[in-house]
Amino acid sequence: MPLNVDEFIAAIAHCTDTDSLFAVFRADIEREGFQNITVARNVGTEIFEVPYLCVPDGATAGYFEQNLAEHDPVFRMIANRAPAFTWREMEQRKLTSVEKNVVGACRELGLAGGFTLPFYGPYGISDIVGLSFREPRGIAPERYTIVAMKSYAFWLRYHELDSAAMSGQAALTGQFAHQEIRARSRRKARGTHKDGAAAITAEECRALVISDIAARRYKAGLTLLNDTLETVLGATMF
């Protein structure tokens, strides 16, 4: 039996990290009848980050190997800033033949219809909560409003916890960066960053950001960036 909205909000309020939050969200969304969950962030065409993913084995690899994202009608809906929509509503719009093929390929991968909730931000940023089924089925229409409310509460709580974690990490970085740099300087003949963390270059900041994105994608089962990190950054920076 799924939680009511008040019970769900109380449950996620007790989560102290994103892992426990994802666990609570997944358990309740499965009770609502969904089997797959994707939590993603899309920044224009530059970055696609997936902090949480629960799909059938092989679905992620198959999706990217077949390059389905290029013609996925879900992304066209999001690019047009559509509100939350079911995949049935999406399919009732005029899809191209290629988009219909993508929908069919997704069904074969175990993504057989669902519900997409976009959350739009500035500068082309959109967060996406995608809920789907592994075989053709549905949920009672009145539950979609409840699921949307729970997903919005989850999304807000996720950003609260993620921001708190990043703030804590930044504080620790500021506290320990200088002594870590000094330790590296002692290990190497060249005194890298002898002036402390403030001397980190823009190129090194870029490398840290890309490495962090690679780590988040790796946790979601998207390993390509992680596997090619030395090529992306260059051997010296890596």
Side-chain angles (χ1 to χ4, degrees), residues 2 5 8 22 25-121 124-156 158 217 220-222 224:
V5 174
F8 178 79
F22 289 140
F25 185 59
R26 176 178 176 179
D28 197 60
I29 288 303
E30 287 180 343
R31 287 192 290 264
E32 291 283 1
F34 294 97
Q35 298 156 302
N36 303 319
I37 300 174
T38 302
V39 180
R41 164 160 287 193
N42 189 43
V43 184
T45 59
E46 299 297 321
I47 299 172
F48 188 70
E49 182 181 343
V50 186
Y52 186 76
L53 187 67
C54 174
V55 295
D57 291 341
T60 302
Y63 184 86
F64 286 104
E65 284 170 3
Q66 297 179 56
N67 198 28
L68 300 180
E70 184 175 356
H71 297 287
D72 192 330
V74 168
F75 290 112
R76 178 158 69 90
M77 297 280 286
I78 292 170
N80 292 331
R81 302 186 75 83
F85 56 91
T86 67
W87 292 11
R88 180 172 295 179
E89 291 170 337
M90 175 185 73
E91 290 181 68
Q92 288 172 347
R93 300 191 175 212
K94 189 174 181 180
L95 300 185
T96 66
S97 59
V98 178
E99 289 174 333
K100 290 178 182 177
N101 291 338
V102 169
V103 172
C106 286
R107 287 198 184 100
E108 293 178 2
L109 293 172
L111 307 168
F115 188 35
T116 297
L117 300 101
F119 301 100
Y120 300 106
I125 296 173
S126 57
D127 289 345
I128 305 161
V129 175
L131 312 173
S132 60
F133 310 112
R134 299 192 178 186
E135 65 277 329
R137 58 185 299 187
I139 66 171
E142 63 270 14
R143 297 304 301 178
Y144 281 111
T145 300
I146 303 298
V147 170
M149 293 171 68
K150 290 179 178 180
S151 298
Y152 181 62
F154 155 79
W155 176 72
L156 290 175
Y158 169 71
R217 289 173 63 88
L222 304 173
L224 181 59

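Rounding to the nearest 0.5 Å places CG of N42 at 5.0 Å from CD1 of I128. K100 NZ to K94 NZ: the interatomic distance, rounded to the nearest 0.5 Å, is 9.0 Å. For the atom pair F34 CZ and C54 SG, the distance stands at 13.5 Å (nearest 0.5 Å).
Applying the salt bridge (Lys or Arg N to Asp or Glu O under 4.0 Å) rule to pairs touching residues 130-140 yields E135-R137, sequence neighbours excluded.
Residues that satisfy the side chain to side chain contact (heavy atoms under 4.5 Å, CB included) test with R76, not counting sequence neighbours, are N80, L95, E99. By the side chain to side chain contact (heavy atoms under 4.5 Å, CB included) test, R88 is found to be paired with T86, Q92, residues two or more places apart in sequence or in another chain being considered. In this view, T145 and M149 satisfy the side chain to side chain contact (heavy atoms under 4.5 Å, CB included) rule, not counting sequence neighbours. With sequence neighbours excluded, the residues satisfying side chain to side chain contact (heavy atoms under 4.5 Å, CB included) with F119 are L117, D127, V129, Y152, W155.
Between the side chain of Y120 and the backbone N or O of A82 there is at least one donor-acceptor pair closer than 3.5 Å.
When every heavy atom of F25 is checked against every heavy atom of K150, the shortest pair comes out as CE1-O, 4.4 Å. The heavy-atom pair separating R26 from I37 by the smallest distance is CA-CD1, 3.5 Å. Here the closest non-hydrogen pair linking V55 and L53 is CG1-CD1, 3.8 Å.
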Considering only distance and modelled atom types, tabulate donor-acceptor pairs under 3.5 Å from the side chains of residues 101-116, sequence neighbours left out.
residue	atom	partner	partner atom	Å
N101	ND2	S97	O	3.3
R107	NH2	E91	OE1	2.9
R107	NH2	E91	OE2	3.3
T116	OG1	W87	NE1	2.9

*Give the intermediate values and the outcome of side chain to side chain contact (heavy atoms under 4.5 Å, CB included) for residues Y63 and D72.*
CA-CA 10 Å; Y63 184 86; D72 192 330; 2.6 Å; yes
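Under the 4.5 Å side-chain criterion, counting only non-hydrogen atoms from C-beta, Y144 is not in contact with L131. Counting only heavy atoms from C-beta outward, the side chains of F8 and I146 never approach each other to under 4.5 Å. The closest side-chain heavy-atom distance from P2 to R143 is below 4.5 Å.
Within a 6.0 Å sphere centred on CG of N67, other residues, nucleotides and ligands contribute more than 12 heavy atoms.
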